[in-house]
Amino acid sequence: MDASDMGVDLNEILLTAEQIDARLSEMAAQIDADYEGRDLLLVGVLNGAVMAMADLARKLHNRANMDWMAVSSYGSGTKSSGVVRILKDLGTDIHDRHVLIVEDIIDSGLTLSWLVANLRSREPASLRIAAVLRKPDAAKVAVDVDYVGFEIPNEFVVGFGLDYADHYRNLPFVGTLAPHVYGG
Ligand code: PRP
């Protein structure tokens, strides 16, 4: 899927596929340097992080294992509440492992905050976070994010794994939707 397939539903491309790819290369180089000589476990947060995980993992030169968690956040509408339910847990015991959470976006930061507390209780050797996108509200939550791709404005974005009503995840870029799509 690309911009031409969206027609009038696309408002604006915020980040092109090329910009995302270049930034992920930089992040991968930093991660390679930071984890040199250590076995890394990448934990992708389904569904949104699929593209980020696939691209970032393939750019790493160091060895990396991959595992996945699916969580659902209770909330009203598009806002998450911070109360999270595990839909799919890790298949890996992360005790004493070097774990890097891979997220597509940190919006309110509540999902990540819960996830960090949950994974920390399993006593990994280290726990860090990589996110492709971060919105301003994430600053309200006290979670250190070690690798951030882009700081973006507080707009509803789709593409590169991010959805609206489960659509548009398969766009190669990050864009905003025309208001008529979501009744705005
Ligand atoms: C998105 C995204 C993060 C979370 C961020 O997932 O992938 O996990 O929201 O929001 P927060 O910072 O406000 O908690 P979502 O729950 O939409 O599920 P999805 O990944 O399946 O789209």
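Below, all heavy atoms of this structure are taken into account, side chains as well, without hydrogens, waters or symmetry copies.
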_Listed once per pair and sorted, the salt bridge (charged side-chain N to carboxylate O under 4.0 Å, His left out) pairs that draw on residues 158-167, sequence neighbours left out_ = D163-R169, D166-R169
Would [X] and [Y] show up in the same hydrophobic cluster when neighbours are defined by side-chain heavy atoms closer than 4.5 Å?
X: V157; Y: L24; value: yes
X: V99; Y: V116; value: yes
X: I86; Y: V84; value: yes

I'd like to check [X] versus [Y] (side-chain heavy atoms, cut-off strictly below 4.5 Å). Are they in contact?
X: L171; Y: V158; answer: yes
X: R85; Y: V71; answer: no
X: L119; Y: I101; answer: yes
X: L40; Y: I31; answer: yes
X: L15; Y: L133; answer: yes
X: T111; Y: E103; answer: yes
X: R97; Y: T92; answer: yes
X: L10; Y: F173; answer: yes

_Any donor-acceptor pair under 3.5 Å from H61 side chain to A28 backbone_ = no
*asked:* With a 3.5 Å distance limit and no angle check, can you tell me whether N65 reaches the backbone of L41 through a side-chain donor-acceptor pair?
replied: no
Let me confirm one number: the [atom1]-[atom2] distance from [X] to [Y], rounded to the nearest 0.5 Å.
X: N47; Y: K88; atom1: CG; atom2: NZ; answer: 11.5 Å
X: K140; Y: K135; atom1: NZ; atom2: NZ; answer: 12.0 Å
X: M1; Y: H167; atom1: CE; atom2: NE2; answer: 9.0 Å
X: I152; Y: I106; atom1: CD1; atom2: CD1; answer: 10.5 Å
X: I13; Y: M6; atom1: CD1; atom2: CE; answer: 9.0 Å
X: I94; Y: L127; atom1: CD1; atom2: CG; answer: 6.5 Å

*Would you please test M51 and D104 for side chain to side chain contact (heavy atoms under 4.5 Å, CB included) and show each step?*
CA-CA 8 Å; M51 311 294 177; D104 50 339; over 6 Å; no
*asked:* Run I105 and L162 through side chain to side chain contact (heavy atoms under 4.5 Å, CB included) and show every step you take.
replied: CA-CA 8 Å; I105 189 166; L162 293 153; 3.3 Å; yes
Minimum heavy-atom separation for [X] to [Y], with atom names?
X: A138; Y: R134; result: CB-CG, 3.7 Å
X: D55; Y: F160; result: OD2-CE1, 3.4 Å
X: W68; Y: L46; result: CE3-CD2, 3.3 Å
X: V174; Y: G159; result: CG2-O, 4.2 Å
X: D67; Y: G91; result: OD2-N, 2.8 Å
X: L56; Y: M27; result: CD1-CB, 4.2 Å

*Can D137 and S108 be counted as having a side-chain donor-acceptor contact under 3.5 angstrom?*
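No, S108 and D137 have no side-chain donor paired with an acceptor closer than 3.5 Å.
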_N62 and R38 side chains, donor-acceptor separation under 3.5 Å_ = no
_Heavy-atom neighbours of E12 CD exceed 12 at 6.0 Å_ = yes
*Does the side chain to side chain contact (heavy atoms under 4.5 Å, CB included) test come out yes or no for L60 and L42, once each step is laid out?*
CA-CA 11 Å; L60 294 173; L42 301 172; 4.0 Å; yes
*Would you call R122-D89 a salt bridge at under 4.0 Å N-O?*
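A salt bridge is present here (some side-chain N lies under 4.0 Å from a carboxylate O).
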*May I ask you to say whether R63 pairs ionically with D39, meaning some side-chain N is under 4.0 Å from a carboxylate O?*
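The answer is yes: the pair qualifies as a salt bridge.
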*Sequence neighbours left out, what passes side-chain contact (heavy atoms from CB on, under 4.5 Å) with P172? Give chain and number order.*
D2, A17
*asked:* So, using side-chain contact (heavy atoms from CB on, under 4.5 Å) as the criterion, who are the partners of R128 when residues are at least two apart?
replied: D34, Y35, L100, D146, Y147
*Hey, can you tell me if Y164 and F156 have their rings parallel, tilted or perpendicular (30° and 60° cut-offs)?*
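The rings of Y164 and F156 stand perpendicular, inter-plane angle above 60°.
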Going by the rule side-chain hydrogen bond (donor to acceptor under 3.5 Å, both in side chains), which residues pair with [X] if we only count those two or more places apart in sequence or in a different chain?
X: N170; value: none
X: K59; value: D21, S25
X: E26; value: R23

_Evaluation steps, side chain to side chain contact (heavy atoms under 4.5 Å, CB included), between V181 and Y168_ = CA-CA 12 Å; V181 180; Y168 310 115; 3.9 Å; yes
